[in-house]
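Residue numbers run from 1 in the order of the sequence given.
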Amino acid sequence: MKKILMALSLSGALLGGTAVWAEDAVTTPTSEVAATSTSQATATTAEAPVAETPAAPAPTPKLDTGDTSWILVSTALVLLMTIPGLALFYGGMVRKKNVLSTMMFSLSAAILVSLLWVIAGYSIAFSGTGAFFGDLSKAMLNGVAFDALSGTIPESLFVIFQMTFAIITVAILSGSIADRMKYSAFMIFIAVWVLVVYAPITHWVWATDGWLFKAGALDFAGGTVVHINSGVAGLVAAYMLGKRIGLGRESMAPHNLTLTVVGASLLWVGWFGFNGGSALGAGARASMAILVTQVAAAAAAFSWLVVERMIRGKASVLGGASGAVAGLVVITPAAGFVGVGGALVMGLIGGVVCFWGITALKRLLKADDALDAFGLHAVGGIVGAILTGVFYSDEIIKAANVTLVSTFAGQLWVQVEGVLATMIYSGIATFVILKVIDLVIGIRVNADDERMGLDLSQHGERIE
């Protein structure tokens, strides 16, 4: 009887065509099924009417110290991805005269976004009942009590875990504008962008009332929210800033690939917290998310190096580091939904497609995306988001209580819909924000400052 009831429940959910996020999926408690079965059995055997047994109350959420410990560690790992991870990864790829300014973008993201997230960002992303935009009911973390819970972890921990995602999103897009954007313009831009672009898209995808959440879009750890969003914003910024002086005529080779490899390594390790922590608990799903993250990163790095060897004759160190990051990006939206086989295929595909993204596609777009934020993150995010709808594991989906859209084609379309919506909104909003800033104070340094290098012209410092 129990298996029949479960089958009927699953069929009804599929026919309903409404998908929900794993952490918020609602299932019928076993106690309710047992109570209903007992009542029905009694009614058929007893001659006198029997009073209906009241449904068991929903269990009161309780703090789980194991889950809390894991998310505490994950939060530190995600912050490690930005400072020092991404700072080193990007810093090693620019010319010596712009190393400090490039790393300062990542450091500034950690500084300013932390404040913005507490002031209003978290509230816009995770409060209210709007489909597109949260409200300000939790501005300055109003209502986030000391002992308030978000699932089985303290809500304060959920706040800072999500804060680290906002931080790295801003840091990623800074790769597109390296070597030529005013520091003052960058700070104003991210102050507006986090609240107007990042927080609303987060609400769409991860808030229970968000329209993409309700539509059933699968994005476990930020394929749309983080990677497509930042990559598209970076591409728009690159177009608006224009190309670097001397591009194509002067050497723009990385000044120190050692820093880049160290940075990529820190990103790889930190990604275990990024994807594994998005399970919001310590268990089988977090474990599988970490395993598929490792597999996808290795597979993408391998396929990237093979293609690079075939086309360029050598497998480069920068290629290996970039390929690993590509795989990490591709698996991000799928980490809590796919098995090892799906991750392996996604990684192999992601490495090849992202290599194409920073070579052939970059030439077609004719944008000076300095450190390939679009080619790695937006392209990888698009591939990952769509393939999530192809390679999800029925076993994992069932174990996580995730209800899919009723048809495979429907699920795939919802994934594409999330990609397109993120690209369009992020692109248009980023253009408007930068256009206004450009009209007021300008967004690009002057030619003399650019030739001097942003380390000296913007910060008054340089590496000897």
Side-chain angles (χ1 to χ4, degrees), residues 71-94 98-114 117 160-178 186 190 198 221-223 225-227 229-231 234 254-278 289-290 293-294 296-298 300-301 304 317-332 335 350 354 358 370-378 380-381:
I71 306 306
L72 284 168
V73 172
S74 295
T75 300
L77 287 171
V78 180
L79 185 60
L80 181 79
M81 292 171 66
T82 303
I83 46 173
L86 197 65
L88 290 169
F89 182 69
Y90 279 168
M93 287 196 286
V94 295
N98 294 316
V99 176
L100 296 177
S101 65
T102 301
M103 298 181 78
M104 186 62 174
F105 283 152
S106 293
L107 180 61
S108 297
I111 295 168
L112 185 55
V113 175
S114 297
W117 195 248
I160 190 171
F161 181 65
Q162 289 295 335
M163 179 194 292
T164 60
F165 280 63
I167 289 169
I168 197 168
T169 304
V170 169
I172 288 169
L173 73 82
S174 73
S176 294
I177 51 94
F186 175 76
I190 64 174
Y198 179 82
V225 176
V226 176
H227 297 294
N229 194 6
S230 60
H255 93 286
N256 191 334
L257 283 179
T258 301
L259 296 182
T260 297
V261 172
V262 172
S265 302
L266 289 168
L267 283 169
W268 194 330
V269 173
W271 227 288
F272 292 151
F274 194 81
N275 287 351
S278 292
I290 290 175
T293 297
Q294 179 71 12
W304 182 300
V317 175
L318 180 59
S322 299
V325 172
L328 294 165
V329 172
V330 168
I331 199 61
T332 291
C354 288
I358 72 162
L371 305 180
D372 297 312
F374 182 82
L376 280 178
H377 295 275

Spacing of CH2 belonging to Trp304 relative to OG belonging to Ser322, to within rounding of 0.5 Å:
4.5 Å
Return the set of residues passing side chain to side chain donor-acceptor pair (under 3.5 Å) with Trp271 (not counting sequence neighbours), or none when no residue passes.
Thr332
Set of side chain to side chain donor-acceptor pair (under 3.5 Å) partners for Ser176, sequence neighbours left out:
Asp369
Nearest 0.5 angstrom please: Met103 CE to Leu88 CG, how far?
4.5 Å
Those residues that, when tested against Phe161, pass ring-ring contact (aromatic ring centres under 6.0 Å, His included) (two or more places apart)
Phe165
Below 4.5 Å, heavy atoms only, C-beta onward: do Tyr198 and Val113 meet side chain to side chain?
no
Taking side chain as C-beta onward, heavy atoms only, is Val325 less than 4.5 Å from His377?
yes
Listed partners of Leu112 passing side chain to side chain contact (heavy atoms under 4.5 Å, CB included), at least two apart
Leu116, Met187, Ile190, Ala191
Tell me every residue that passes side chain to side chain contact (heavy atoms under 4.5 Å, CB included) with Leu257, counting only those two or more places apart in sequence or in another chain.
Pro254, Thr260, Leu318
Between CD1 of Ile177 and CG of Leu371, what distance do you get to the nearest 0.5 Å?
9.0 Å
Nearest heavy-atom approach of Gly92 to Leu259 is CA-CB, 3.9 Å
Applying the side chain to side chain contact (heavy atoms under 4.5 Å, CB included) test to Thr82, which of Thr169, Ile168, Leu107 qualifies?
Ile168
Distance (rounded to the nearest 0.5 Å) between Phe374 CZ and Asp372 CG:
11.0 Å
Might you point out which heavy atoms bring Ala297 and Leu328 nearest each other, and give the distance in Å?
CB-CD2, 3.7 Å
Got a donor-acceptor contact below 3.5 angstrom from the Tyr90 side chain to the Ile172 backbone?
yes
Quick check: closest heavy atoms across Gly320 and Ala301, and the distance to 0.1 Å?
O-CB, 3.9 Å
How far apart are the C-alpha atoms of Val94 and Val99, what are their side-chain angles, what is the distance that settles it, and do they pass the side chain to side chain contact (heavy atoms under 4.5 Å, CB included) test?
CA-CA 6 Å; Val94 295; Val99 176; 4.2 Å; yes
Pairs involving residues 104-113, ordered by first then second residue, that meet side-chain hydrogen bond (donor to acceptor under 3.5 Å, both in side chains) (sequence neighbours left out):
Ser108-Tyr183
Ignoring hydrogens, what is the shortest heavy-atom contact between Ala109 and Val170? Give both atom names and the distance.
CB-CG1, 3.8 Å
Do you know the tightest heavy-atom contact between Ile167 and Ser114?
CD1-OG, 3.6 Å
Please evaluate residues Thr293 and Phe274 with respect to the criterion side chain to side chain contact (heavy atoms under 4.5 Å, CB included), reporting the C-alpha separation (whole Å), side-chain torsions for both, the decisive distance (0.1 Å), and the verdict.
CA-CA 10 Å; Thr293 297; Phe274 194 81; over 6 Å; no
From Asn275 atom CG to Ser74 atom OG, the distance as rounded to the nearest 0.5 Å:
10.0 Å
When rounded to the nearest 0.5 angstrom, what is the spacing between OG1 in Thr102 and CG in Leu86?
10.5 Å
State, to 0.1 Å, how close Ile331 and Ala296 come at their nearest heavy-atom pair, and which atoms those are.
CB-CB, 3.6 Å
